[in-house]
Protein chains: 2
Amino acid sequence: MCTLVRRIKVHHMRASAMADDVRLGVGLNVRRCRLAAGLTQASLAERMGVDRSYVSGLERGHRNPTVLTLWHLAEVLNVRVRDLVDGL
Amino acid sequence: MCTLVRRIKVHHMRASAMADDVRLGVGLNVRRCRLAAGLTQASLAERMGVDRSYVSGLERGHRNPTVLTLWHLAEVLNVRVRDLVDGL
DNA sequence: GTGTGACTACAAGTCCGTA
DNA sequence: ATACGGACTTGTAGTCACA
């Protein structure tokens, strides 16, 4: 499981900090694309067919979305998935 | 463009077929990058700290990895996450 | 218009094996 | 060296009421 990942992957940084960075990076990308599209969290959530609170948690880096979720986001935001993982 | 065509066709396809396309797309990208790095599934799995059977299922499009998993893959494969979501 | 904790269902990911 | 499966634990998806 992920405990193994931690043991192996800790080179110079703390594993939990890296994980947070990744999630927050995606969250900020989502927020940037959402605002660029002129959408509120509520309207984005409605177009995706998910709850607004999920979008909220996502943008704040509290969620670790799957590639399927990223793809749904990209569709609604009219961007590529790669734009949502920018900086990673 | 391919992505645009896909986005249009989406309205006429079953949702599960789209999901399969996304998962398989990631799987093929992973396989391509892994072979380019000269790694076996076993060595990739070991370096990531995940089970080898997971890598197998991933490359065959049977898995829906999270962004954290994609990031771990990218690190070990020495590529960017965007390279793993190429074509999406 | 957004942040948050608690919640259930189901998928992510493990560990064992087979071929 | 890889595909594939079963049974298992952990975590994500997705929701809700309330701040």
Side-chain angles (χ1 to χ4, degrees), chain A residues 1-9 15-16 18-77 81 84-85, chain B residues 15-77 81 84-85:
Chain A
M1 232 249 334
C2 285
T3 50
L4 246 181
V5 175
R6 263 177 203 154
R7 261 182 246 127
I8 295 175
K9 291 308 303 168
S16 56
M18 299 190 299
D20 286 346
D21 287 346
V22 172
R23 286 190 290 243
L24 190 57
V26 172
L28 293 178
N29 285 333
V30 169
R31 175 162 291 178
R32 177 174 47 75
C33 291
R34 172 177 66 81
L35 293 176
L39 297 174
T40 64
Q41 288 182 352
S43 57
L44 171 56
E46 187 180 10
R47 292 184 190 209
M48 283 185 70
V50 302
D51 197 85
R52 187 193 54 75
S53 69
Y54 182 71
V55 175
S56 173
L58 189 60
E59 291 190 355
R60 280 173 300 111
H62 289 201
R63 297 280 184 159
N64 177 21
T66 65
V67 65
L68 234 33
T69 301
L70 291 178
W71 180 75
H72 282 131
L73 279 163
E75 262 213 326
V76 171
L77 292 172
V81 174
L84 299 179
V85 294
Chain B
S16 57
M18 302 187 303
D20 286 347
D21 287 346
V22 172
R23 287 189 291 243
L24 190 57
V26 173
L28 293 177
N29 285 333
V30 169
R31 176 163 291 178
R32 177 175 46 77
C33 291
R34 172 177 66 80
L35 294 176
L39 297 174
T40 64
Q41 288 183 351
S43 59
L44 171 56
E46 186 180 11
R47 293 181 191 210
M48 283 183 70
V50 302
D51 198 83
R52 198 199 58 75
S53 70
Y54 180 70
V55 174
S56 173
L58 187 60
E59 291 190 355
R60 284 177 291 121
H62 290 196
R63 297 287 180 160
N64 178 22
T66 66
V67 67
L68 233 34
T69 301
L70 292 178
W71 179 76
H72 284 132
L73 277 163
E75 259 212 329
V76 170
L77 293 172
V81 174
L84 299 179
V85 294

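All values derive from a computational prediction rather than experimental measurement.
The distance between atom CG of A/Leu44 and atom P of C/dG1, rounded to the nearest whole Å, is 14 Å. The separation between A/Glu46 atom CD and C/dT2 atom C1' is 16 Å, rounded to whole Å. Put simply, CD on B/Glu59 is 9 Å from C1' on D/dT2, counting in whole angstrom units. Note: NE2 (B/His72) to P (C/dG13) measures 10 Å, nearest angstrom. One can place CG of A/Leu70 at 13 Å from C1' of D/dA13, the figure rounded to the nearest angstrom. Per the geometry, CG belonging to A/Asp51 stands 16 Å off P belonging to C/dG1, to the nearest Å. When rounded to the nearest whole Å, the span between NE2 of A/His62 and C1' of C/dG3 equals 9 Å.
For a distance-only test at 3.5 Å, the side chain of A/Ser53 qualifies as a donor-acceptor partner of the base of D/dC16. Remark: the B/Arg63 side chain and the C/dG13 base include a donor-acceptor N/O pair separated by less than 3.5 Å. The base of C/dG13 is not paired with the side chain of B/Arg52 by any donor and acceptor separated by under 3.5 Å.
Residue A/Asn64 is in sugar-phosphate contact alone, with no base atom involved, counting any heavy-atom pair closer than 4.0 Å across all strands shown.
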Original post:
If you write DNA chain D from 5' to 3' in dot-bracket form, with Watson-Crick or G-U pairs under 3.5 Å, [ ] for crossing pairs and | for pairs with another strand, what do you get?
Top reply: .|||||||||||||||||.
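To the nearest 0.5 Å, atom CE of residue A/Met48 and atom CG of residue A/Leu73 are 4.0 Å apart.
Between A/Val85 and B/Leu84 there is no side-chain heavy-atom pair separated by less than 4.5 Å. Contact annotation: the side chain of B/Arg23 never approaches that of B/Arg60 to less than 4.5 Å [non-hydrogen atoms, C-beta and beyond]. Annotation: side chain of B/Arg47 is in contact with side chain of B/Leu39 (closest heavy-atom distance under 4.5 Å). Using a 4.5 Å cut-off on side-chain heavy atoms (C-beta onward), A/Trp71 and B/Met18 make contact. No side-chain heavy atom of B/Glu46 sits under 4.5 Å from any side-chain heavy atom of B/Arg52. Residues A/Leu70 and A/Val26 are in side-chain contact: their nearest non-hydrogen atoms beyond the backbone lie under 4.5 Å apart.
Side chain of B/Tyr54, nearest nucleotide from C/dT14, D/dA13, D/dA3: C/dT14. Nearest to the side-chain atoms of A/Ser56 among the listed nucleotides C/dT2, C/dT14, D/dA3 stands C/dT2.
The stretch residues 24-40 of chain B touches DNA chain D through B/Arg31, B/Arg34, B/Thr40, each having a heavy atom within less than 4.0 Å of the strand.
Contact between the side-chain N/O atoms of B/Thr66 and the OP1/OP2 oxygens of C/dA11 is not found at any separation under 4.0 Å.
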